[in-house]
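The chain is numbered in sequence order, starting from 1.
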Amino acid sequence: MKSEMAQIQQNAVQNHTATMLEIGTSLLSQTAEQTRKLTDVETQVLNQTSRLEIQLLENSLSTYKLEKQLLQQTNEILKIHEKNSLLEHKILEMEGKHKEELDTLKEEKENLQGLVSRQTFIIQELEKQLSRATNNNSILQKQQLELMDTVHNLISLCTKEVLLKGGKREEEKPFRDCADVYQAGFNKSGIYTIYFNNMPEPKKVFCNMDVNGGGWTVIQHREDGSLDFQRGWKEYKMGFGNPSGEYWLGNEFIFAITSQRQYMLRIELMDWEGNRAYSQYDRFHIGNEKQNYRLYLKGHTGTAGKQSSLILHGADFSTKDADNDNCMCKCALMLTGGWWFDACGPSNLNGMFYTAGQNHGKLNGIKWHYFKGPSYSLRSTTMMIRPLDF
């Protein structure tokens, strides 16, 4: 019995020992596993610490470089401050000099203004004297023209006297146009009296003795807009204006003079920029009133366009109260003035006078299409005729 109990106890002790060994073994295994894990964690911590130490070292180096750059920039800033101080000092010196110069210039400006005021006063006085001299000159010119007219009248009277030639009485003819005046020895431009065929009274005309050899009888002139050219048929028929300024000779007189012999026509033009041009026609005459003073031209030359701005194939004369054009509209009313419009055409030297700056875009102005285009109003024009055989 005792032996059995002993055996049981022994077995129990062995089982307990085996259990304890298993537990110990298990604990040892867990402890080894935990130790391994701790070792791995420690290794990772060491690695991370190494990386942090390396980054810290790199940051220290970067900080050192930045400190060095900051120190250099601080030195440069100090140098710039020193230069700024020098520049400020120089600027102050220059401002002082400029202030002195400015004061000097102000004083000189005041002196110059005083001088300009005195010169302006002197100029005004000179302008007054010039105006008086111009008026005196105008009076003298008027007296000269009157004297010349008197001389011409005396010559005309003398030419009407009967002269004895070989026992016969012969009467000399008076001036028919400015070409006769020129050939009689009067070679200065001015107003002369001429006689027309079938016209009861003589007519005062302006003779241009300077252009292209002289001898030109002026039949139209525009220069300053002082004369209204928007007139009716009767006024264009008999003429209007003053030969010494702006005027229209008159269609009846143009017909009479161009019926005497063959004439050429020259048209002088000037724009507002001072450019001059001309158009010249080898043949020029107009019909009578029943023919509406129809225009006849041949042979165009000149510098006012390669093409003629006057209708070469002929056109009747129209005014605001006599519509003889070839347009359904009334060109004389639309474009103003009296002219050989045809179908309103590329020219109208008797249109509205527009001043400088107002002369662009004006279809009813003083127009010569092939010189300055269809909407440019010219500054001055002169139409004049001379015998073909001059």
Check for a donor-acceptor pair, side chain of Tyr370 on one end and backbone N or O of Pro346 on the other, with a separation under 3.5 Å. no

Could you check whether the SG atoms of Cys331 and Cys344 sit less than 2.5 Å apart, since that is the cutoff I want to apply? yes

Where do Trp368 and Ala304 come nearest, in terms of heavy atoms and distance? NE1-O, 3.5 Å

Side chain Asn208, main chain Asp210, donor-acceptor under 3.5 Å: yes

Before accepting this row, confirm whether a basic side-chain N of the pair Glu201/Lys203 lies closer than 4.0 Å to the acidic partner's carboxylate O. no

CA sep, side-chain torsions, deciding dist, call: Gln48, Gln44, side chain to side chain contact (heavy atoms under 4.5 Å, CB included): CA-CA 6 Å; Gln48 187 69 24; Gln44 290 177 1; over 6 Å; no

Taking the ring of Trp248 and the ring of Tyr236, is the distance between their centroids below 6.0 Å? yes

Partner of Thr382 under side-chain hydrogen bond (donor to acceptor under 3.5 Å, both in side chains), chosen from Glu268, His221, Gln220: His221

Any chance the rings of Trp272 and Tyr354 have centres within less than 6.0 Å? no

If the threshold is 4.0 Å, N to carboxylate O, is there a salt bridge linking Lys320 and Asp228? no

Answer yes or no: is there a donor N or O on one side and an acceptor on the other, between the side chain of Asn292 and the main chain of Asn324, under 3.5 Å? no

Closest heavy-atom pair and its distance - Phe240, Glu235: CD2-O, 3.5 Å

Can you spot which of Tyr192, Tyr263, Trp216, Tyr195 makes a side-chain hydrogen bond (donor to acceptor under 3.5 Å, both in side chains) with Asp177? Tyr263

Would you say Ile194 ends up clustered with Met238 if hydrophobic residues are merged whenever their side chains have heavy atoms under 4.5 Å apart, either directly or through other cluster members? yes

Checking the side chain of Ser318 only, and the main-chain atoms of Asp325 only, is there a donor and an acceptor separated by less than 3.5 Å? yes

Any chance the rings of Phe390 and Tyr182 have centres within less than 6.0 Å? yes

Taking Cys178 and Cys207, which are both Cys, do their SG atoms fall under 2.5 Å of each other? yes

Taking ring pair (Phe, Tyr, Trp, His ring centres under 6.0 Å) as the criterion, tell me which of Trp339, Phe253, Trp233, Phe255 meets it with Tyr293. Trp233

Out of curiosity, does Leu227 fall in the hydrophobic cluster containing Met270 (side-chain heavy atoms, cut-off under 4.5 Å, transitive links)? no

Measuring only between side-chain heavy atoms, which start at C-beta, is Ile267 closer than 4.5 Å to Leu310? yes

Main-chain N/O of Gln230 paired with Thr336 side-chain donor or acceptor, under 3.5 Å: no

Ignoring hydrogens and angles, tell me if any N or O in the side chain of Glu246 forms a donor-acceptor pair with the backbone of Arg222 under 3.5 Å. no

Counting neighbours of NE2 on His313 that are heavy atoms of other residues, nucleotides or ligands and sit closer than 6.0 Å, is the number greater than 12? yes

